[in-house]
Amino acid sequence: MAHRHWRQVLDYAEGIQDGSIIANLERKQAIDRFLKDLDNPDYEIRHDAPEFCIGIIETTLCHQQGEDLAGNPLRGTPFLLEPWEKFIIYNLVGFYLIGTKIVRFHEALIYIPRKNGKTGFAAALAWSLSLWYRKSGSKCYITSAALMQSLEAFNFLDYNVERMGEKQVRGKKDGLVKVIDNNNEHSMEAQLPDGSFFIRALAANPDAQDSLNANLCICDEIHAFRQPKQYNLFKECQKAYTNKLLIGISTAGDDAQGFLGQRVKYCRQVLDGTVKDEQYFIFMCCANPDENGDIDYTNPVVHEMANPNYGVTIRPAEILNDAMQAQNDPQQRKDFFAKSLNVFTSAIKAWFDIEEFRRSDQKYSWTLQELAKLPISWYGGADLSRMYDLTAAALYGNYEGVDICITHAFFPITQAARKADEDSIPLFGWADDGLLTMCNSPTVNAADVVNWFCHMRDLGFKIRQVGHDRKFAGEEYFPLMKQAGFKIVDQPQYFYLKSQGFRHIEKAVKDGLFYYMHSEAYEYCVQNVSAIEKTDDAVQYEKIEPEHRIDLFDASVFACLRMIEAQAKSKKASVWFGDKKE
């Protein structure tokens with residue numbers, strides 16, 4: 001009985017592993033990681049903390065609202081946890097570094113669709129973990145982009161504290177928990193014989209909360225965070241504690257390039273084993289695409305795969321009905337994918353499937369030095385910003401039928417921190433990886449772009465010509481390129497001209513004949529491309545959202561066009577001279 005919930009956790013893990021519980025890829029990877037950790041000599045599993053937290057939740061908390069599948073009211077009934085929730089709690093506070101009092105996980109992402117009970121679960125975690133860490137003077141913040149969302153969890157706890165008879169009422173001090181709930185503050189605190197706890201709900205305002213200090217932070221609906229600082233602020237406020245825990249809980253949003261989108265990408269790398277992060281716990285539930293990149297969104301198996309509370313709070317008939325509406329009414333599809341299947345909707349608006357690019361790219365592994373030695377005619381493209389935005393340069397060539405694209409970005413260092421924060425562009429990461437040059441000037445320095453082309457030529461790249469839009473070239477770029485000895489060609493940004501390069505790249509990718517040197521910066525831009533088909537198979541493309549960037553892709557289209565036109569002229573000349581000789 002001392003470890004009575006542990007058997008449920010193991011049964012859940014084994015059920016996913018043997019396939020008796022339908023789960024998505026990322027959940028299976030989390031289970032594999034958990035089972036490996038049980039045999040890892042660096043960690044040990046201890047049952048006291050998770051059993052305490054589960055017991056506290058199930059014996060002190062009740063539902064505030066809702067109905068079960070049969071339509072019976074849930075208000076006032078015990079808040080009983082599902083096996084997947086017990087699995088999360090056992091991971092969060094059950095693993096310790098061997099022989100120490102230090103908990104293994106200090107950060108977590110719980111990524112699940114809506115209506116799986118995540119807000120109630122977040123509140124329950126805040127309550128139980130605060131009581132467990134009371135001896136350390138526990139301090140917990142429940143936060144989200146909007147205060148109203150934070151209050152959902154706070155009001156749930158307030159209801160339960162009052163229901164237990166532990167709430168202090170104004171003028172009386174019979175209750176244990178002092179609750180402040182007004183326009184200025186929403187908090188509860190208690191002084192206990194062996195410690196204390198403090199829980200406060202607030203909005204994630206990065207400009208007003210530099211003095212926070214806590215060991216527990218629960219960030220709800222982080223898809224709505226516009227800046228990484230909204231999240232990092234709470235991460236920074238935990239440095240006074242050793243056993244700290246920051247939990248991000250969210251459903252997918254509209255922006256795969258935003259803060260949550262980048263977190264999800266990072267977490268997938270951790271689960272894949274390509275990135276090692278032993279302090280990050282990850283529980284992700286979403287619909288996985290098939291081998292063709294499609295999601296069978298009307299399939300009940302996919303619904304169950306994405307929703308851990310399928311058949312509990314997720315009504316099978318209702319989600320199937322929503323799926324059929326999404327099929328018959330396309331305007332409903334975006335929200336269904338985001339809220340019920342946990343798939344980013346910007347990926348739906350994007351023209352390209354980034355996984356197709358990655359599958360093609362991963363077939364090849366030429367290094368820069370190897371490419372420079374190959375007998376390839378290279379063609380350049382430049383997408384130049386007017387003032388201080390992202391500028392891009394590209395080289396494009398073909399070797400034995402494979403299209404090869406090398407890109408490089410430029411950004412003025414004086415604007416980089418602000419733009420990286422405002423628009424969630426990983427500029428500094430690109431700079432660290434050698435994919436971007438920080439221009440040491442208030443605006444993009446044309447000389448830096450020219451120097452990159454010169455550097456590539458010095459490495460051995462035979463650059464035949466470079467295309468650019470003269471309207472955006474400024475007064476410096478054109479003469480500097482001429483002075484450096486490059487043949488430059490005006491490349492107007494008319495969609496019917498760019499469409500040819502766009503389609504050429506698209507076909508090369510689908511045929512698995514496109515290599516971009518594994519550039520994450522290029523992938524970022526590709527994912528932001530939205531397009532509309534015009535007449536005669538022409539395509540007019542643009543960025544999905546105003547704060548996104550597609551400049552590296554644009555530069556590759558310019559460079560591709562230069563190659564296509566040069567090859568066409570060469571073929572035409574060959575045919576003409578052949579006819580003349582005959």
Q) With the threshold set at 4.0 Å, does a side-chain nitrogen-carboxylate oxygen contact exist between Glu221 and Arg114? A) no
Q.
Can you confirm whether Gln483 is buried at CD, in the sense that more than 12 heavy atoms of other residues, nucleotides or ligands lie under 6.0 Å from that atom?
A. no
Q) Is a side-chain N or O of Asn342 found less than 3.5 angstrom from the main chain of Ala252, in a donor-acceptor match? A) yes
Q | Residues in side chain to side chain donor-acceptor pair (under 3.5 Å) contact with Asn24, at least two apart in sequence or another chain | A | Glu26, Arg27
**Q.** Aromatic contact, Phe558 with Tyr396 (centres under 6.0 Å)
**A.** no
Q: May I ask you to decide if Leu384's main-chain N or O and Asp551's side chain share a donor-acceptor pair within less than 3.5 Å?
A: no
Q) With a 3.5 Å cut-off and no angle check, do the side chains of Thr437 and His408 form a donor-acceptor pair? A) yes
Q. If you round to the nearest 0.5 Å, how far is CG of Asp220 from OG of Ser250?
A. 7.5 Å
Q) Taking atom NZ of Lys235 and atom CD of Glu107, what is their separation to the nearest 0.5 Å? A) 4.0 Å
Q.
Run the salt bridge (Lys or Arg N to Asp or Glu O under 4.0 Å) test against Glu520 and tell me which residues pass, sequence neighbours left out.
A. none
Q. According to the interplanar angle, ranging from 0 to 90°, do the rings of Phe259 and Phe225 count as parallel (below 30°), tilted (30 to 60°) or perpendicular (above 60°)?
A. parallel
**Q.** Exercise: do Thr143 and Ser150 side chains pair donor with acceptor under 3.5 Å
**A.** no
Q) Which pair of non-hydrogen atoms, one from Leu368 and one from Met517, has the smallest distance, and what is that distance? A) N-CE, 3.6 Å
(Q) Main chain of Phe410, side chain of Thr391: is a donor-acceptor contact present, judged purely on distance under 3.5 Å? (A) no
Q) Between Asn398 (side chain) and Gly401 (backbone), is there a donor-acceptor pair under 3.5 Å? A) yes
Q. Any chance NZ of Lys363 has more than 12 other-residue heavy atoms, nucleotides or ligands included, within less than 6.0 Å?
A. yes
Q: Mind running side-chain contact (heavy atoms from CB on, under 4.5 Å) on Leu260 and Phe344 for me, showing each step along the way?
A: CA-CA 10 Å; Leu260 176 61; Phe344 281 100; 3.9 Å; yes
Q | Cation-pi geometry met for Arg457 and Phe486 (6.0 Å, 45°) | A | yes
Q.
Let me confirm one number: the CG-CD1 distance from Leu109 to Ile282, rounded to the nearest 0.5 Å.
A. 7.0 Å
Q. Rounded to the nearest 0.5 Å, what separation is found between the CH2 atom of Trp378 and the CE atom of Met563?
A. 10.0 Å
Q. Are side-chain N/O atoms of Asp277 and Tyr266 paired as donor and acceptor at under 3.5 Å?
A. yes
Q. Can you name the nearest heavy-atom pair linking Leu212 to Cys237, along with the distance?
A. O-CB, 3.2 Å
Q.
Evaluate Ile404 against Leu371 for side-chain contact (heavy atoms from CB on, under 4.5 Å), listing each step before the verdict.
A. CA-CA 9 Å; Ile404 303 166; Leu371 289 174; 3.7 Å; yes
Q: Determine, step by step, whether Phe337 and Tyr297 satisfy the ring-ring contact (aromatic ring centres under 6.0 Å, His included) criterion, reporting the C-alpha distance in whole Å, the side-chain angles of both residues, the deciding distance to 0.1 Å, and the verdict.
A: CA-CA 8 Å; Phe337 269 78; Tyr297 61 91; 5.2 Å; yes
Q) If you look at every heavy atom in Ala508 and Ser360, which pair is closest and at what distance? A) O-OG, 4.3 Å
Q.
Looking at every heavy atom in both Met305 and Asn288, which two are closest together, and how far apart are they?
A. SD-N, 3.4 Å
Q. What is the ring orientation for Tyr522 with Tyr516, classed by angle as parallel under 30°, tilted 30 to 60°, or perpendicular over 60°?
A. tilted
Q) Is there a side-chain contact (heavy atoms from CB on, under 4.5 Å) between Thr251 and Ile112 once you walk through the steps? A) CA-CA 5 Å; Thr251 299; Ile112 54 178; 5.6 Å; no
Q) Does Asn40 reach the main-chain N or O of Lys36 with its side chain, forming a donor-acceptor pair under 3.5 Å? A) no
**Q.** Ring centroid separation Trp430 to Phe411 under 6.0 Å
**A.** no
**Q.** Aromatic ring proximity, centroids under 6.0 angstrom, Phe105 and Tyr280
**A.** no
Q) Under 3.5 Å, is there a donor-acceptor pair linking the side chains of Asn215 and Gln238? A) no
(Q) Please verify the inter-ring angle class for Phe357 with Phe352; under 30° counts as parallel, over 60° as perpendicular, anything in between as tilted. (A) perpendicular
Q: Using a strict 4.0 Å threshold on nitrogen-to-oxygen distance, state whether Arg562 and Glu565 make a salt bridge.
A: yes
Q.
Quick check for you: to the nearest 0.5 Å, what is the distance between Cys217 atom SG and Leu202 atom CG?
A. 9.0 Å
Q | Parallel, tilted or perpendicular: ring planes of Tyr364 versus Trp366, cut at 30 and 60 degrees | A | parallel
Q: Classify the side-chain pair Asp403/Tyr515 by whether it contains a donor and acceptor separated by less than 3.5 Å.
A: no
Q. CZ/Arg104 to CG/Asn91 distance, rounded to the nearest 0.5 angstrom?
A. 8.0 Å
Q) Is there a donor-acceptor contact under 3.5 Å from the side chain of Gln230 to the main chain of Ala204? A) yes
Q | Side-chain ion pair, Lys507 and Asp511, N-O less than 4.0 Å | A | yes
Q. In this structure, are over 12 heavy atoms from other groups packed under 6.0 Å from Asn440 atom CG?
A. no
